[in-house]
Amino acid sequence: GIQVEQSPPDLILQEGANSTLRCNFSDSVNNLQWFHQNPWGQLINLFYIPSGTKQNGRLSATTVATERYSLLYISSSQTTDSGVYFCAVERYFGWGSQGNLIFGKGTKLSVKP
Amino acid sequence: NAGVTQTPKFRVLKTGQSMTLLCAQDMNHEYMYWYRQDPGMGLRLIHYSVGEGTTAKGEVPDGYNVSRLKKQNFLLGLESAAPSQTSVYFCASSYRSRGTSYEQYFGPGTRLTVT
């Protein structure tokens, strides 16, 4: 099956710093999403981004589908950004694909005040 | 518009007991999913449904059953709970059209402990 690798596995930042999280995937994808799981376990949709670039406030994401990777940028980090960031992809099977997401193991981000 | 809701939020079971987790969505989505998340890992698919009355197995289906009697509801059942089923369970739903997949929306999760 498709492999999803995220790096780095752990990241510690000082408040105000910028960071880049990477997601590599091993096959063509029909869907790619970035999630933030907060310390209470809630899974928050950040971006639906099978290709291209999107921005939402201090966060932005870029997916280069032809090269099979996606990047999540966090600028001016805040303590509330702490948690685990997951990349998840759906492999492209064409018509009839079951549509489930395959998750990476995540990047654990800790932002210190 | 509540999105995806799950009940209950927490549950403790003894080995061998049964229970049903309920997922509801109000976005008129055809596709619904049940995932589980174990410590330090991403989510893995248990079962999914592509429409009312249809269900299929995912990556880790053993020990679980599902039903989709109404389009807006997707039930996950544990007939005889085991400690290995201690996990956080997430439900999700999405819209699809002509093989194109769109954003999946997740519920808040159910934390289940089996002793």
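Proteins come first, then strands; the chains are lettered A, B, ... in the order of their sequence lines, and each starts at number 1. None of the values given here were measured: they were computed from a predicted structure.
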For B:Glu52, does the CD atom sit with more than 12 other heavy atoms under 6.0 Å from it, leaving out its own atoms? yes
I'd like to know if the side chain of B:Tyr33 and the backbone of A:Leu101 have a donor-acceptor N/O pair within less than 3.5 Å. no
Given that the side chain runs from C-beta out, which part of A:Phe47 has a heavy atom under 4.5 Å from chain B: side chain, backbone, both or neither? neither
Contacting region of A:Gln37 [heavy-atom separation from chain B under 4.5 Å]: side chain
Against chain A, work out which of B:Gly107, B:Ala56, B:Gly42 has the most heavy-atom pairs shorter than 4.5 Å and name it. B:Gly42
Is any side-chain heavy atom of B:Gln37 closer than 4.5 Å to one of A:Phe86? yes
Exceeds 12 heavy-atom contacts within 6.0 angstrom, atom CZ of A:Arg68: yes
Neighbour count above 12 (heavy atom, 6.0 Å) for A:Lys108 NZ: no
When you group the ILVMFWY residues by side-chain heavy-atom contacts below 4.5 Å and let the links chain together, are B:Ile46 and B:Val4 in the same group? no
Other residues, nucleotides and ligands only: do more than 12 of their heavy atoms fall within 6.0 Å of CD on B:Glu79? no
Would you confirm whether A:Gln33, through its side chain, and B:Gln104, through its main-chain N or O, come within 3.5 Å as a donor-acceptor pair? yes
Honestly, the part of B:Tyr105 sitting under 4.5 Å from a heavy atom of chain A is both
So if you build clusters from Ile, Leu, Val, Met, Phe, Trp, Tyr with side-chain heavy-atom gaps below 4.5 Å, do B:Val88 and B:Tyr35 land together? yes
Would you check if A:Leu43 and B:Leu43 make a side-chain contact, meaning some heavy-atom pair closer than 4.5 Å? yes
